[in-house]
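Please read the structure below before turning to the comments.
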Amino acid sequence: MNMTTNIPQLITNKNETPLSNLGAVVSVRGSVIDIRFDAHLPPIYSLLHAQEGKIAIEVLAQLDAHHVRGMALTPTQGLARGMVVEDTGGPLKAPVGKEFLRACSMCSGTPSTAKRRQQMSNGAQSTGRPRH
């Protein structure tokens, strides 16, 4: 099955390279998502975003020269074939720092309590470290 998709690329000027690595959803099976990238494949454990960052996907396997398989870390409701997926260029990071000691977080790295989310939105200083 050959599914060619027109994947939009963000271009700054006509003669420049794309700003980000964009792909397109090929299939969605629950939380398992196959994505096609024409430019280059993101490395395993890379974080991808769909629907303007609402859906977080972690790359688990490179299937061939143009396809990766990932696992959604957030609900996939509304995700469909052909939708654009952006490679963030790095791994999933969890917040670390004194203000996050004894705090639980969801698998997407977001603090699980409203108090911790409020601290993050108020500019609490923390760094992110890769999960793997």
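The figures that follow rest on heavy atoms only: side chains count, while hydrogens, waters and symmetry mates do not.
Between Pro42 and Val59, the closest heavy-atom pair is CG-CG2, 4.1 Å. Between Ala24 and Gly82 the shortest heavy-atom distance is CB-O, 4.3 Å. The shortest non-hydrogen separation linking Ala80 to Val25 is O-CB, 3.5 Å.
A 4.5 Å side-chain heavy-atom check between Val28 and Arg81 finds every atom pair outside the cut-off.
Listed by first and then second residue, the salt bridge (Lys or Arg N to Asp or Glu O under 4.0 Å) pairs involving residues 46-55 amount to none (not counting sequence neighbours).
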- Message: For a side-chain contact (heavy atoms from CB on, under 4.5 Å) check, start with the C-alpha distance between His67 and Asp34, then their side-chain angles and the critical distance, and finish with the verdict.
- Response: CA-CA 7 Å; His67 294 88; Asp34 290 346; 5.6 Å; no
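Leu60 and Leu73 fall within a single hydrophobic cluster, where Ile, Leu, Val, Met, Phe, Trp and Tyr are joined by side-chain heavy atoms under 4.5 Å apart, directly or via other members.
Once rounded to the nearest 0.5 Å, the distance linking CG of Leu48 with CD1 of Ile55 reads 11.5 Å. Atom-to-atom distance recorded for Thr76:OG1 and Ile33:CD1 is 6.0 Å, nearest 0.5 angstrom. Within the model, atoms CG of Leu22 and CD1 of Ile35 stand 11.5 Å from one another, a figure rounded to the nearest 0.5 Å.
For Thr88, the side-chain contact (heavy atoms from CB on, under 4.5 Å) partners two or more places apart in sequence, or in a different chain, are Leu47, His49. A search for side-chain contact (heavy atoms from CB on, under 4.5 Å) contacts involving Leu41 returns Phe37, Gln62, Val68, not counting sequence neighbours. For Ser31, the side chain to side chain donor-acceptor pair (under 3.5 Å) criterion is met by no residue, not counting sequence neighbours.
Of the possible polar contacts, one joining the Gln51 side chain to the Gly78 backbone as a donor-acceptor pair under 3.5 Å is found.
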